Amino acid sequence: MELSPFAPEPRAVCPDCRRPVVVCYCAHIIPTATRTKVVLVQHRRERDVPIGTLRMAELALPNSSVFVGVNELDSDAGLRAAISAPDTYLLYPGRDAIDVTELAASRAPDAGPVTLVVVDGTWWQAQSLVRKTRMLQALPQLRFTPPRPSDYRIRKEPAEHCVSTIEAIAHVLGALEGDPARFEGLLRPFEAMVDAQLRYVQERRGAPSRHTLSRRARPRRVPVP
């Protein structure tokens, strides 16, 4: 089938961050080594959300792994192996969750590394992942208090204390490893993505829509009496 000469060309996509090249944030990624092993468990529906932040964590944290699914996660041998080590905690604000600052203060200086399990998705999706995965339910839980409101200005959070996945990871790793400043670099691609998205929306706001252009391009038909 021959393509119309007026059909728009597909946008070039970065193979690393999987964002359109014009809003690629890879130049802002800062690889950050950690003692903490980070296991990212993503809801299947969140995988294709273009403004998600899990991919940033995956690119920046060499000591991380990603598992995607919902109902089938309990049968994932890789996930089971990844969270079977001692001192594995699920970042989830359950009733009996331990504050991350209390955990960090109680650990001996020569204690082994922590494995941090982070669920990624909307709040509803995160609840669904935990509710449907027995392996995650069995883990002790960690909670934290965000130091400031989320900067996720392009996606509505369900409450003021909710933050994006990358913001939560940066804060919790800083507390666990006793060096919050070192993990602030994880937020640079996030800030770049948010700024680029807002700039794009602002530029498009004053531009005529493709529907308007299409109407202008078509000659006016003379009504038949």
Side-chain angles (χ1 to χ4, degrees), residues 28-43 46 52-67 79 82-127 129-131 133 135-153 155 157-191 194:
H28 303 276
I29 293 286
I30 302 176
T32 307
T34 63
R35 294 180 66 246
T36 306
K37 179 181 178 182
V38 180
V39 179
L40 304 163
V41 183
Q42 186 178 51
H43 193 284
E46 185 71 10
T53 64
L54 176 139
R55 183 62 178 165
M56 299 174 186
E58 184 181 8
L59 292 172
L61 300 173
N63 196 16
S64 67
S65 54
V66 177
F67 300 88
L79 176 60
I83 65 176
S84 61
D87 291 332
T88 297
Y89 296 87
L90 173 67
L91 186 59
Y92 190 79
R95 181 187 305 173
D96 299 320
I98 308 166
D99 190 277
V100 66
T101 56
E102 296 178 8
L103 176 67
S106 66
R107 289 175 57 80
D110 58 348
V114 165
T115 297
L116 178 67
V117 183
V118 182
V119 289
D120 177 67
T122 65
W123 177 235
W124 177 87
Q125 290 168 351
Q127 288 179 305
L129 279 174
V130 176
R131 186 175 64 251
T133 309
M135 287 194 294
L136 298 182
Q137 294 173 16
L139 297 174
Q141 297 175 355
L142 281 183
R143 58 180 170 82
F144 71 99
T145 301
R148 55 186 176 271
S150 174
D151 198 33
Y152 213 174
R153 294 166 287 158
R155 193 173 186 180
E157 296 289 3
E160 291 185 359
H161 62 271
C162 295
V163 297
S164 67
T165 296
I166 193 68
E167 289 173 301
I169 290 173
H171 177 73
V172 173
L173 287 178
L176 287 175
E177 304 204 3
D179 191 0
R182 186 161 70 89
F183 293 98
E184 289 182 359
L186 294 178
L187 300 179
R188 291 188 183 179
F190 171 68
E191 293 163 354
V194 170

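Because the structure is predicted, anything quoted here is derived from the model rather than measured. The figures that follow rest on heavy atoms only: side chains count, while hydrogens, waters and symmetry mates do not. Numbering starts at 1 and runs along the sequence shown.
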> Taking atom OG1 of Thr115 and atom CG of Leu90, what is their separation to the nearest 0.5 Å?
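Result: 12.0 Å between the selected atoms.
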
> Please report the closest heavy-atom contact between Thr122 and Glu46, naming both atoms and the distance.
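Thr122 and Glu46 have their closest heavy atoms at N-OE1, 4.0 Å.
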
> Quick one: CG on Asp120 to OG1 on Thr53, what's the gap to the nearest 0.5 Å?
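Between atom CG of Asp120 and atom OG1 of Thr53 there are 6.0 Å.
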
> Determine whether Leu173 and Leu186 make a side-chain contact, defined as any pair of heavy atoms from C-beta on separated by less than 4.5 Å.
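They are in contact (side-chain heavy atoms under 4.5 Å apart), so the answer is yes.
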
> Parallel, tilted or perpendicular: which fits the ring planes of Trp124 and His43, with parallel below 30° and perpendicular above 60°?
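Tilted.
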
> For the side chain of Gln137 and the backbone of Val130, is there at least one donor-acceptor N/O pair under 3.5 Å apart?
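Between the backbone of Val130 and the side chain of Gln137 there is a qualifying donor-acceptor contact (under 3.5 Å).
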
> Distance-only, no hydrogens or angles: does the Glu167 side chain make a donor-acceptor pair with backbone N or O of Ser164 under 3.5 Å?
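Between the backbone of Ser164 and the side chain of Glu167 there is a qualifying donor-acceptor contact (under 3.5 Å).
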
> Check for a donor-acceptor pair, side chain of Asp87 on one end and backbone N or O of Pro113 on the other, with a separation under 3.5 Å.
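No, Asp87 side chain to Pro113 backbone: no donor-acceptor pair under 3.5 Å.
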
> For a side-chain contact (heavy atoms from CB on, under 4.5 Å) check, start with the C-alpha distance between Leu59 and Arg55, then their side-chain angles and the critical distance, and finish with the verdict.
CA-CA 6 Å; Leu59 292 172; Arg55 183 62 178 165; 3.7 Å; yes

> Hey, is the main chain of Thr32 close enough, under 3.5 Å, to the side chain of Thr34 for a donor-acceptor pair?
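No, the answer is negative, given that no donor and acceptor are paired below the 3.5 Å cut-off.
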
> Is any side-chain heavy atom of Leu116 closer than 4.5 Å to one of Leu142?
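Touching, per the 4.5 Å side-chain cut-off.
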
> According to salt bridge (charged side-chain N to carboxylate O under 4.0 Å, His left out), does anything in residues 173-188 pair up with another residue at least two apart or in another chain? List the pairs.
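As it turns out, the salt bridge (charged side-chain N to carboxylate O under 4.0 Å, His left out) pairs with a partner in residues 173-188, which skip direct neighbours, are Glu177-Arg182, Asp179-Arg182.
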
> Given side chains that start at C-beta, do those of Arg107 and Leu103 come closer than 4.5 Å, heavy atoms only?
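Yes; the side chains approach each other to less than 4.5 Å.
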
> Which heavy-atom pair separates Ala168 from Leu91 by the least distance, and what is that distance?
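Answer, listing the atom of Ala168 first, then Leu91: CB-CD2, 4.1 Å.
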
> When you measure from the side chain of Thr88 to the backbone N and O of Ser84, does any donor-acceptor pair fall under 3.5 Å?
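No.
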
> Decide yes or no for Ile83 and Met135: does some side-chain heavy atom of the first lie under 4.5 Å from some side-chain heavy atom of the second?
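When only atoms from C-beta onward are counted, Met135 and Ile83 do touch, with a gap below 4.5 Å.
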
> Are any non-hydrogen side-chain atoms of Gln127 and Tyr92 less than 4.5 angstrom apart?
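They are in side-chain contact.
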
> Let me confirm one number: the CD-OG1 distance from Gln42 to Thr165, rounded to the nearest 0.5 Å.
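Interatomic distance, Gln42 CD to Thr165 OG1, rounded to 0.5 Å: 8.0 Å.
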
> Which heavy atom in Gln141 sits nearest to a heavy atom in Gly94, and how many Å separate them?
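Result for this residue pair: OE1-CA, 2.9 Å.
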
> Find out whether Leu79 and Val39 are in side-chain contact, i.e. whether some heavy atom of one side chain is under 4.5 Å from a heavy atom of the other.
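Answer yes - side chains close enough.
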
> Mind checking the CZ-CD1 spacing from Phe190 to Ile166? Nearest 0.5 Å is all I need.
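Here the interatomic distance stands at 9.0 Å.
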
> Working note: Tyr89 + Val100, criterion side-chain contact (heavy atoms from CB on, under 4.5 Å); need CA distance, chi angles, decisive distance, verdict.
CA-CA 10 Å; Tyr89 296 87; Val100 66; over 6 Å; no

> Do the non-hydrogen side-chain atoms of Ile169 and Leu61 ever get within less than 4.5 Å of each other?
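Yes - at least one pair of side-chain heavy atoms lies under 4.5 Å apart.
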
> If every non-hydrogen atom of Leu40 is compared with every non-hydrogen atom of Ala57, which pair is closest and at what distance?
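Shortest heavy-atom contact: CD1-CB, 4.2 Å.
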
